[in-house]
There are 2 protein chains.
Amino acid sequence: MRADAKKNYDHLLEIARGVIAEQGAEASLRDVARKAGVGIGTLYRHFPTREALLEALLRKSFDGVTSRASELEQSCSADAALASWLREMVALTHNHRGLIAAMTTALTDEQSALHASCVLLRGSGARLLARAQAEGKARPDIDGTDLLGLVSALAWLNDQPSFADSVAHLFDIIIDTIMLPRASPEAARTPAA
Amino acid sequence: MRADAKKNYDHLLEIARGVIAEQGAEASLRDVARKAGVGIGTLYRHFPTREALLEALLRKSFDGVTSRASELEQSCSADAALASWLREMVALTHNHRGLIAAMTTALTDEQSALHASCVLLRGSGARLLARAQAEGKARPDIDGTDLLGLVSALAWLNDQPSFADSVAHLFDIIIDTIMLPRASPEAARTPAA
DNA sequence: ACCTGAACACCGTTCAAGT
DNA sequence: ACCTGAACACCGTTCAAGT
């Protein structure tokens, strides 16, 4: 990439970060180009789709979640690791209104520039879930897609001001629903009906 | 209302029903006016905001859910009534992409034409929840807003094609999370109301 | 190679002018 | 009363023309 092009690329990304933080993932691309002081065509040359811009903007954050998931897999108990991942996923999409909708769409759209990242994220959660299930710490009747669905639904709710006061509580409820109570050593199994 | 105005009003509503069923709650209002064969100003005269149009379109459905909730309160067990209400809420927002977002926003926006309906819906669910809680059939640590948050999150997920295959399962999981297991017969009697 | 911005096809919303 | 549609201020996206 030519030096002047690289400069435009980086500057667009910097401006886009601010605009999208303020206006959400559906922010006006024209506005981004305007604020960056470049022609709208320059934005489209560097980022042919909105998803490409989001992907470039969030690649580090995505990588951060997946790599931390790997660390958690080594360093934490299975249930604590899974809970941490859930928290990170909600945090990732917080302050990026509309991002969760874009990611959800991208999950099954192989053409989307966000597709690969979303599949990786689902995989990182699925691994933590599988480990917790293998240890009897997470309910066995959900898979990685169910897990991502639950966290996406919570992330969406987290973007709705009407439910701002409810999300933390609902998040805890969902965590409890995913996790199985640790079987106490001396107690018999819960009585069958 | 003058006869010609009434005719336009009704026709707009009929056309809007089809367009919104196809394109979702964010459908182009210009498109609605065009397909109805009236000037865009006529649409705005009858429905000053998009929410006003949605409200007119869905009033009967809203009323249906709240009145059926009252019936359920009389005719059904508390837990079955609550589960039915949850199913009806998800069904209500299904086939109306984007409606749940509009309703969620309206819940805390007193200016919205959808505000009153959304508050009524929350109230109808809250009553069923309270009855179930009083009978020990629903977990006591959630309120009407939490319940609406859960159902809204599920309704949003239901609009996402990526999770089409997961929603039914997740819906069952959420129902189970809300409901408490029925106390075994020989155990203590349900506390008197 | 890369940048520019006019051009095109859309929006939502308002309001003066018509009936 | 009510209807109309031009007008205004925006979009996303493309692409010929410039450097």
Side-chain angles (χ1 to χ4, degrees), chain A residues 1-57 96-99 101-102 105-106 109 111-114, chain B residues 1-57 96-99 101-102 105-106 109 111-114:
Chain A
M1 182 150 40
R2 243 163 56 177
D4 56 343
K6 165 96 171 121
K7 198 180 154 188
N8 276 335
Y9 180 94
D10 291 341
H11 191 221
L12 273 166
L13 223 45
E14 187 190 328
I15 298 294
R17 197 173 295 279
V19 171
I20 283 175
E22 279 172 30
Q23 304 179 22
E26 304 290 333
S28 162
L29 298 181
R30 268 187 127 96
D31 198 30
V32 171
R34 210 157 32 220
K35 285 187 169 130
V38 303
I40 180 66
T42 302
L43 186 148
Y44 274 89
R45 159 168 273 265
H46 288 302
F47 308 103
T49 62
R50 181 181 296 273
E51 288 72 35
L53 176 59
L54 289 173
E55 208 280 331
L57 212 55
H96 291 284
R97 280 186 344 247
L99 172 61
T105 301
D109 175 8
Q111 305 310 309
S112 170
L114 285 168
Chain B
M1 182 148 44
R2 241 163 55 176
D4 56 342
K6 165 96 172 120
K7 196 180 156 189
N8 277 334
Y9 180 94
D10 292 341
H11 191 222
L12 274 166
L13 222 45
E14 186 190 329
I15 298 294
R17 196 172 297 278
V19 172
I20 282 174
E22 278 172 30
Q23 303 177 23
E26 304 290 333
S28 161
L29 297 182
R30 268 186 128 96
D31 198 29
V32 171
R34 211 157 30 221
K35 285 185 169 133
V38 302
I40 181 68
T42 301
L43 186 148
Y44 273 90
R45 158 168 272 266
H46 288 301
F47 309 104
T49 63
R50 182 182 295 274
E51 287 73 36
L53 177 59
L54 290 172
E55 208 279 332
L57 212 54
H96 292 283
R97 280 186 344 245
L99 173 61
T105 301
D109 176 8
Q111 305 310 307
S112 170
L114 285 169

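All chains are named by letter (A, B, ...) in the order of the sequence lines, taking the proteins before the strands, and each is independently numbered beginning at 1. Just so you know, these numbers come straight off a predicted model, no measurement behind them.
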What is the distance, to the nearest angstrom, from the [atom1] atom on [X] to the [atom2] atom on [N]?
X: Lys6(A); N: dA1(C); atom1: NZ; atom2: P; result: 18 Å
X: Arg34(B); N: dG5(D); atom1: CZ; atom2: P; result: 12 Å
X: Tyr9(A); N: dC3(C); atom1: OH; atom2: P; result: 13 Å
X: Gln23(A); N: dC11(D); atom1: CD; atom2: C1'; result: 12 Å
X: Asp31(A); N: dA9(D); atom1: CG; atom2: P; result: 16 Å
X: Lys7(A); N: dA1(C); atom1: NZ; atom2: C1'; result: 17 Å
X: Leu43(B); N: dT14(C); atom1: CG; atom2: P; result: 12 Å
X: Asp4(A); N: dT19(D); atom1: CG; atom2: C1'; result: 10 Å

Nearest atoms (heavy-atom pairs only) where [X] meets [Y]:
X: Gln23(B); Y: Arg97(B); value: O-NH2, 2.8 Å
X: Leu29(B); Y: Leu43(B); value: O-CD1, 3.5 Å
X: Gly39(B); Y: Ala33(B); value: O-CB, 4.1 Å

Are any of [X]'s side-chain N or O atoms less than 4.0 Å away from OP1 or OP2 of [N]?
X: Arg30(A); N: dA9(D); result: no
X: Asn8(B); N: dC2(D); result: no
X: His46(A); N: dC2(C); result: no
X: Thr42(B); N: dC2(D); result: no

For dC10(D), the Watson-Crick or wobble partner whose two distances fall under 3.5 Å
none
Using purine N1 to pyrimidine N3 plus N6-O4 or O6-N4 for Watson-Crick, or N1-O2 and O6-N3 for G-U wobble, each under 3.5 Å, what pairs with dC3(C)?
none
So, does the side chain of Arg45(A) form a donor-acceptor pair with the base of dT14(D) at under 3.5 Å?
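Result: no qualifying N/O pair found.
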Hey, is the side chain of Arg50(B) pairing donor to acceptor with the base of dT13(C) inside 3.5 Å?
no
Any Lys/Arg nitrogen of Arg34(A) or Asp31(A) sitting under 4.0 Å from an Asp/Glu carboxylate oxygen of the other?
yes
Judged by nearest nucleotide, the residue sitting upstream toward the 5' end of DNA chain D, Gly39(B) or Leu29(A), is Gly39(B)
As a test of reading the structure: which of dC11(D), dC2(C), dT14(C) is closest to the side chain of Tyr44(B), going by heavy atoms?
dT14(C)
Of the listed nucleotides (dT14(C), dA7(C), dC3(C)), which one gets closest to any side-chain atom of Ile40(B)?
dT14(C)
Verdict with reasoning, Leu53(B) to Leu13(B), per side-chain contact (heavy atoms from CB on, under 4.5 Å)
CA-CA 8 Å; Leu53(B) 177 59; Leu13(B) 222 45; 3.8 Å; yes
Please work out if Ala27(B) contacts a base, only the sugar-phosphate, or nothing of the nucleic acid, heavy-atom cut-off 4.0 Å.
sugar-phosphate
